[in-house]
Trainee: 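Input: one structure, supplied below.
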Amino acid sequence: KEKVVITKDQQAFMNVILDAYNRHQIPPDVAKKLLQEQYSAEENFLLLTEMATSQVQVLVEFTKHIPGFLSLDHEDQIALLKGSAVEASFLRSAQVFSSKMPNGHTEVLEERIRKSGISEEFMTPMFNFYKTIGELHMVEEEQALLTAITIMTPDRPYVKDQQAVERLQEPMLDVLRKLCALHHPHEPQYFARLLGRLTELRTLNHYHAEMLTSWRMNDHKFTPLLCEIWDVQ
Ligand SMILES: O=C(NC1CCCCC1)[C@H]([C@@H]1CCCCO1)n1c(-c2ccc(Cl)cc2)nc2cc(F)c(Cl)cc21
């Protein structure tokens, strides 16, 4: 069984991404708000659009610190951000949902989300994803890398130089594979399970526009930034 060694360069590379990830995160205020009181479907939708708008802004800041991103073709930079923003917001939602909370809080949070205005049909796939992310008990390095890997996905629509993106994604996958072996030594399949979550994320991507337009309310208003990023309005 070969010894897993993270090189000094990989450690430095990892710290750049982790540091950027920790500096550019919106606080889980939305969880606190949802736990404090019940909101109407309209208020919940407004809360979601506000949170998602500010999350896109911090996502751009985080992405700029991913080694090599700023050296990509500018149109490809936009294509990567546009292609990954929804998945990053679901990944962040899953991390917030599965973060350690006092007893009973997660259940209240789930109930509030189930009653927030989202159509019933999306609850199962969404909460399956949240729960499977929670079961992974990711360390923060893994969370940061998984988000960076999601952004650096070569086959997003309109990406022209996919090879350039692959060259940036590969070193992150290498470090993640080693981290998984180090942090989860008794789960040889752990890395594969992590990457499997990225496939699940793509299916949530598929539902996303419909989840928003079927929100139980009239007249769904979106911010200009969300109209750009989400395929709505
Ligand atoms: O605001 C949300 N998520 C933000 C997005 C940016 C990053 C931070 C978290 C929404 C909430 C849902 C209830 C009504 C208010 O919005 N949300 C979603 C969600 C996301 C996409 C769609 Cl289309 C539907 C629901 N899943 C969540 C899980 C959670 F644990 C918490 Cl606290 C909130 C969550």
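No hydrogens, no waters, no symmetry mates; every other heavy atom, side chains included, goes into these values. Just follow the structure's listing: the first ligand is 1, and inside any ligand the first atom is 1. Counting from 1, the numbers follow the sequence of the chain as shown.
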Trainee: Which atoms of ligand 1 have any heavy atom of I113 under 4.0 Å away?
Mentor: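 By the 4.0 Å cutoff, the relevant atoms are 27 (C), 28 (C), 29 (C), 30 (F), 31 (C).
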Trainee: Could you tell me whether E87 and R156 make a salt bridge, using a distance below 4.0 angstrom between a side-chain N and a carboxylate O?
Mentor: yes
Trainee: Looking only at atom types and distance, does a side-chain atom of N205 sit under 3.5 Å from a main-chain N or O of V86, one as donor and one as acceptor?
Mentor: no
Trainee: Against heavy atoms of V30, which atoms of ligand 1 measure under 4.0 Å?
Mentor: 1 (O), 9 (C), 32 (Cl)
Trainee: Which ligand 1 atoms, with their elements, are less than 4.0 angstrom from a heavy-atom of V96?
Mentor: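 Counting from 1, the qualifying ligand atoms are 32 (Cl).
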Trainee: With heavy atoms under 4.0 Å as the rule, classify the contact between F45 and ligand 1 as side chain, backbone, both or neither.
Mentor: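 Under 4.0 Å from ligand 1, F45 contributes no heavy atoms.
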Trainee: Just go through F122, F97, Y130 and tell me whose heavy atom is the nearest to atom 26 (N) of ligand 1.
Mentor: Y130
Trainee: Could you tell me whether R193 and E187 make a salt bridge, using a distance below 4.0 angstrom between a side-chain N and a carboxylate O?
Mentor: yes
Trainee: Counting heavy atoms only, name the option from L212, T106, I118 that's nearest to atom 24 (C) of ligand 1.
Mentor: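 Among L212, T106, I118, the closest heavy atom to atom 24 (C) of ligand 1 belongs to I118.
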Trainee: Using a 4.0 Å cut-off to any heavy atom of A31, which atoms of ligand 1 qualify?
Mentor: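 Per the distance check, 32 (Cl).
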Trainee: Provide, to 0.1 Å, the distance between atom 17 (N) of ligand 1 and the closest protein heavy atom, together with that atom's residue and name.
Mentor: S93 OG, 4.0 Å
Trainee: Let me check something: do V139 and L176 share a hydrophobic cluster, defined by ILVMFWY side-chain heavy atoms less than 4.5 Å apart, either directly or through other members?
Mentor: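 Result: no, two separate clusters.
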Trainee: Determine whether any heavy atom of F90 lies closer than 4.0 Å to an atom of ligand 1.
Mentor: yes
Trainee: Would you call R23 and D19 a salt bridge, using N to O less than 4.0 angstrom?
Mentor: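 The answer is yes: the pair qualifies as a salt bridge.
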Trainee: Report the nearest protein non-hydrogen atom to atom 14 (C) of ligand 1: residue, atom name, distance rounded to 0.1 Å.
Mentor: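 Residue, atom and distance for the closest contact: N44 OD1, 3.5 Å.
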Trainee: Could you label the plane-to-plane angle of the Y130 and F97 rings as parallel, tilted or perpendicular, counting under 30° as parallel and over 60° as perpendicular?
Mentor: tilted
Trainee: At under 4.0 Å between heavy atoms, is it the side chain or the backbone of H208 that contacts ligand 1, or both, or neither?
Mentor: side chain
Trainee: Taking 4.0 angstrom as the limit, do E110 and K131 come out as a salt bridge?
Mentor: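 Yes, this pair counts.
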Trainee: Measure the distance from atom 2 (C) of ligand 1 to every protein heavy atom, then report the residue, atom name and distance (to 0.1 Å) of the closest one.
Mentor: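 Of the protein heavy atoms, L48 CD1, 3.6 Å lies nearest.
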Trainee: Please work out which of the three classes, parallel, tilted or perpendicular, describes the rings of Y207 and F122, given edges at 30° and 60°.
Mentor: tilted
Trainee: Which of the numbered atoms in ligand 1 are under 4.0 angstrom from any heavy atom belonging to S116?
Mentor: 13 (C), 14 (C)
Trainee: Salt bridge check: are R197 and E200 linked by an N-O gap of less than 4.0 Å?
Mentor: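 Salt bridge present between R197 and E200.
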